[in-house]
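The structure appears right after this line, and notes come after that.
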Amino acid sequence: MSNPIVREIARVAGRRLGVPEADVLKIITTPPSDELGDYALPCFAFAQRQKRPPHEVARELAEALREAEHVVKAEAAGPYVNVTVDRAALLRFIVGAILEQGERYGGGDEGRGRTIVIDYSSPNIARPFSIAHLRSTALGNALKRLFRHLGYRVVGVNHLGDWGTQFGALIAAYKRWGSRERVERENVYELFRLYVKFHEEAEKDPKLEEEARLWFKKLEEGDQEALELWRWFVELSWRAFRRYYELLGVEFEEVRGESAYRDRTGPLIEELLKKGIARESEGAVIIPFDDEGDKGEGEGEGMPPLLLRKRDGTTLYATRDLAAALYHYETYRFYKKLYVVGAEQSLHFKQLFKALERMGHEWARDLVHVAFGMVLFEDKKMSTRKGRVIFLEEVVRKATQRTREIIESIAKTADLTPEEKDRVAQDVGVSAVLYSQLSRSRTQDIHFRWEEVLNFEGKSGPYVQYTHARMAGVLRRAGVSTSTPPQPDEVDYGVLTHPHEVALAKKLELFPQKVRQAVEEYDPFPVAEYLADLAAAANKFYDTCRVLGEEPAVERARLALVRATKTVLKTGLELLGLKAPERM
RNA sequence: GCGCCCGUAGCUCAGUGGACAGAGCGCUGGCCUGCGGAGCCAGAGGUCGGAGGUUCAAUUCCUCCCGGGCGUACCA
């Protein structure tokens, strides 16, 4: 919270007690209920510092604050001071700031001059896009937009899984059971079928694994047949993935798969061996973390080694990840690089970062593993190998279809053309899917449930969008031009006295800090949760306070509030990577 | 075994060193002859996994225990 009134409260209280304004600002909260006041000051900390009883300090502060500008009431309630401020002034500050700043509201320039590289989505291609990949995609995309809002330069990187033993497996499977026309017809779904079949068969016949490793070895050695098949699979898959990303509205500044680093891994391993950072062990090349080569305070102790090269001479994803980190630092000199990757890979990143530190790169501490929980289906982990997965296409199709049904049942959208309805159905359906991924804090596992993803009532993407469309509807009917904000002196905020009006405005005030919280925690969740909250406040207001046709002063003020609300809802939705249709 | 994550209402999840622990779903009952009912209002529903400790104050911090998940050298 930071409006001129709160700052004034902090200033007056701070001066009275002889503590810095900033210290007071930090502890200012809101009372449990609106009737008690607008802001509250718990006095425990001050009391302790002055060795006086809290209620005494509270009484003293209450008295002092009564003299502060815009304060209409200040009362001690035990150890708390509850402050009621001039609501008209408060609303003018809040709503005025939003109308003036428009979609820049909640943003800033604290990131200016800093580049953030975000590795997200990064699916293993050669199989359909599953909802396991959806979470990284949704999180990364939202983080990208949030950081941008604060002035950072952001490079979104799709580090495609287009190299590795899995391609050996795929080639082996294709050679055994595949057919060209079937792959051409079924695309990634056929590749997926082959992949699943491979693992089923491999359980019965372990020799298959050997075959897969052999094919990957050939691939790394530049075997023509292997390379041709690989290239074909990759092209085919990438074409399918581009469609998925288009559907989701997700873009990348850099699409560079693991295969892009395949020429760098050899020299890198040699260098690490020469420097004594890596060594051979059981025929493989590793970076050990259990010896005294680690000067850190024992955090390397007991950590398994990082494998760079297998006994058969082929590389691992760790090797390519190492090369990619080096490449990204050289290319972007990033302020931070974020890896939006599932928590099950925590150890891998710990090892990776430690390895870079050993190599003497002080920027290794700027690498962050933004770990997130799994997406469970029927309370169990999904498994691509076992074919227990849900594909994005199906989820989006169902969500879009559901939206379309609702649109058809609503008279308000009857005049939309079929094309417009399709557009809106997709925008809303996709948002429902994306929101489901952002509506839990990062570390929580997500239980994927059809009935939940397809329920658009309550906390959901469509709920927020619907509220936005309602606000848009009021403005449209009012004939308010959206390009020119009303002049501050045209609006008398003093007429906004209904509790729902005040509550809504206070909610609007929280947006900037939610954006910052999201960025600090590398988690869009606080913003997602906030938007649902804001929408709830907006709907309560809408339900009780009529806008159009009220007396002019009231209508003007409420229109300003509606407009500010619409602005924040839209900005928030877009920061999460969701669409904000005017009608739906 | 070791490391990390999780344990709060029937379900899915917020929350926080401080004033009576919140939301959504589900359930029960209300609200469309005035701006969009994908909405709103009301109700029922909780030993905040357990035990200690730190503190004026713990659901929040520390320790231990219990339960669940993930990871733990040739997959990504």
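Chain letters run A, B, ... following the sequence lines, proteins first, then strands; residues in each count from 1.
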Q) Is the NZ or CZ atom of Arg442(A) both under 6.0 Å from the centre of the six-membered ring of Phe372(A) and within 45° of that ring's axis? A) no
Q.
Just the rounded figure in Å: distance from C1' of A73(B) to CZ of Arg279(A).
A. 11 Å
Q: Please check the phosphate of C70(B) (OP1 and OP2 only) for any side-chain N or O of Gln345(A) closer than 4.0 Å.
A: no
Q.
Taking the ring of Tyr317(A) and the ring of His348(A), is the distance between their centroids below 6.0 Å?
A. yes
Q: Under 4.0 Å between any heavy atoms, over every strand shown, what does Tyr317(A) touch: base, sugar-phosphate, or nothing? Just pick one.
A: base
Q. Parallel, tilted or perpendicular for Phe129(A) and Phe241(A), by the 30°/60° rule?
A. tilted
Q) Parallel under 30°, tilted from 30 to 60°, perpendicular over 60°: which one fits the rings of Phe167(A) and Trp230(A)? A) perpendicular
(Q) With heavy-atom distances below 4.5 Å as the criterion, would you say the side chains of His159(A) and Tyr261(A) are in contact? (A) yes
(Q) Are the side chains of Leu308(A) and Thr315(A) in contact, using a 4.5 Å heavy-atom criterion? (A) no
(Q) If I pick the P atom on G67(B) and the same atom on G29(B), what distance separates them, to the nearest angstrom? (A) 42 Å
Q: Quick one: list whatever passes side-chain contact (heavy atoms from CB on, under 4.5 Å) with Asp415(A), sequence neighbours left out.
A: Arg583(A)
Q) Taking a pair as Watson-Crick or G-U wobble with both distances under 3.5 Å, which nucleotide is matched to A44(B)? A) none
**Q.** Pairwise P distance, U59(B) and G50(B) [rounded to whole Å]
**A.** 10 Å
Q) If pairing requires Watson-Crick or G-U wobble contacts with both distances under 3.5 Å, which nucleotide is the partner of A73(B)? A) none
Q) Base, backbone or nothing for each nucleotide of nucleotides 27-37 of chain B, written B, S, -, heavy atoms under 4.0 angstrom, 5' to 3'? A) -------BBBS
Q) What's the CD-P distance between Glu378(A) and C11(B), to the nearest Å? A) 18 Å
**Q.** Spacing of Met471(A) atom CE relative to C40(B) atom P, expressed in whole Å
**A.** 11 Å
Q. So, is Gln48(A) close to the A57(B) phosphate, meaning a side-chain N or O under 4.0 Å from OP1 or OP2?
A. no
Q) Is a donor-acceptor pair below 3.5 Å formed from side chain Thr403(A) to base A38(B), judging by atom type as modelled? A) no
Q | Watson-Crick or G-U wobble partner of A19(B), both distances under 3.5 Å | A | none
Q. If you look at every strand shown and take non-hydrogen atoms under 4.0 Å, does Glu258(A) touch a base, only sugar-phosphate, or nothing?
A. sugar-phosphate
Q) What is the base-pairing partner of G36(B), counting Watson-Crick and G-U wobble geometry with both distances under 3.5 Å? A) none
(Q) So if I define the base as every atom that isn't primed, P, OP1 or OP2, how would nucleotides 19-25 of chain B read as a B/S/- string at a heavy-atom cutoff under 4.0 Å? (A) BB--BSS
Q. Considering every strand shown, what is the Watson-Crick or G-U wobble mate of C11(B) when both distances are under 3.5 Å?
A. G24(B)
**Q.** C64(B) pairs with, by Watson-Crick or G-U criteria that keep both distances under 3.5 Å
**A.** G50(B)
(Q) Are Phe349(A) and His369(A) an aromatic pair, judged by ring center distance below 6.0 Å? (A) yes
Q: Go through C75(B), G3(B), A73(B) for me and flag the one nearest to the Thr165(A) side chain.
A: C75(B)
